[in-house]
Amino acid sequence: DYNIPQLGLDSPEFVVSATQVDLKSNDLINVNSATITGATGNTLVVDTTTLVVDATNNRVFIGTTTSPPNSVGIFVITTDVANERFAYLKYFGTDANSFSLNIDKARGSLAGPTIIANGDQIGAVDFGGYDGANFRTMGGIRLTSDGVPAVNDLPSRLGLFTREAGVGGAVSEKIRITAAGNIGIN
């Protein structure tokens with residue numbers, strides 16, 4: 001059986017139970033006013049833009065069918081509804097653990113990963129705003145390899161970045177925590 005939880009619907013949580021769900025092009029399923037369609041090109045669509053899974057290009061969209069301007073994403077969430085601009089990651093358990101968000105990096109390929117190199121950016125969380133013409137990065141947090149990596153030895157540095165004021169202001173590193181634990185401020 002498949003249990004499908006609520007996906008941004010106004011109605012209470014719904015459940016679809018079946019021994020097999022196999023949507024073909026233009027097949028429809030209606031559940032509590034939600035329309036789930038199988039479309040051409042290996043795409044699953046729930047209510048036009050509530051949820052779009054593009055299996056051909058390995059993309060998932062919520063609230064849209066395309067990546068926003070000036071961005072490319074594998075997983076894209078958009079909204080223009082006030083007070084619905086939050087993403088929550090919650091963990092409930094009886095242990096001391098919490099929810100974890102992992103950002104991993106390897107060179108090579110998925111089938112044959114290889115060791116990272118000194119200076120590789122491992123992960124980033126960037127923040128941006130709309131300047132009237134485009135979304136622009138205003139700052140961020142970045143983790144970078146900071147030394148020669150080896151098995152069980154991956155030195156790193158953490159940087160905090162902000163954008164300078166003025167037209168064309170650059171995003172630059174303002175605070176750095178090195179692999180040795182030293183803190184630098186620009």
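Heavy-atom basis, side chains included; hydrogens, waters and symmetry copies ignored. Residue numbers start at 1 and run along the sequence shown.
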Do Ile122 and Ile103 have side chains that approach each other closer than 4.5 Å (heavy atoms only, starting at C-beta)?
no
Give a yes or no on whether the backbone of Lys174 and the side-chain of Asn186 come within a donor-acceptor separation of less than 3.5 Å.
no
Minimum heavy-atom separation for Val171 to Arg142, with atom names?
CG1-NH2, 4.2 Å
Rounded to the nearest 0.5 Å, what separation is found between the CZ atom of Phe161 and the CZ atom of Arg176?
7.5 Å
To the nearest 0.5 angstrom, please state how far the CD atom of Gln121 sits from the OG1 atom of Thr144.
5.5 Å
Which pairs count as salt bridge (charged side-chain N to carboxylate O under 4.0 Å, His left out) when at least one residue sits in residues 156-172, sequence neighbours excluded?
Asp146-Arg157
Would you say that more than 12 heavy atoms from the other residues, nucleotides or ligands in this model lie under 6.0 Å from the CG of Asn152, or not?
no
Closest non-hydrogen contact found for Pro155 with Gly147 is CG-CA, 3.8 Å
So which heavy atom on Ile116 is nearest to which on Pro149, and how close?
O-CG, 3.0 Å
Taking Leu143's backbone N and O only, do any of them form a donor-acceptor pair with Ser156's side chain (distance below 3.5 Å, no angle check)?
no
Looking at CD1 of Ile175 and CD1 of Ile183, how far apart are the two atoms once the value is rounded to the nearest 0.5 Å?
8.0 Å
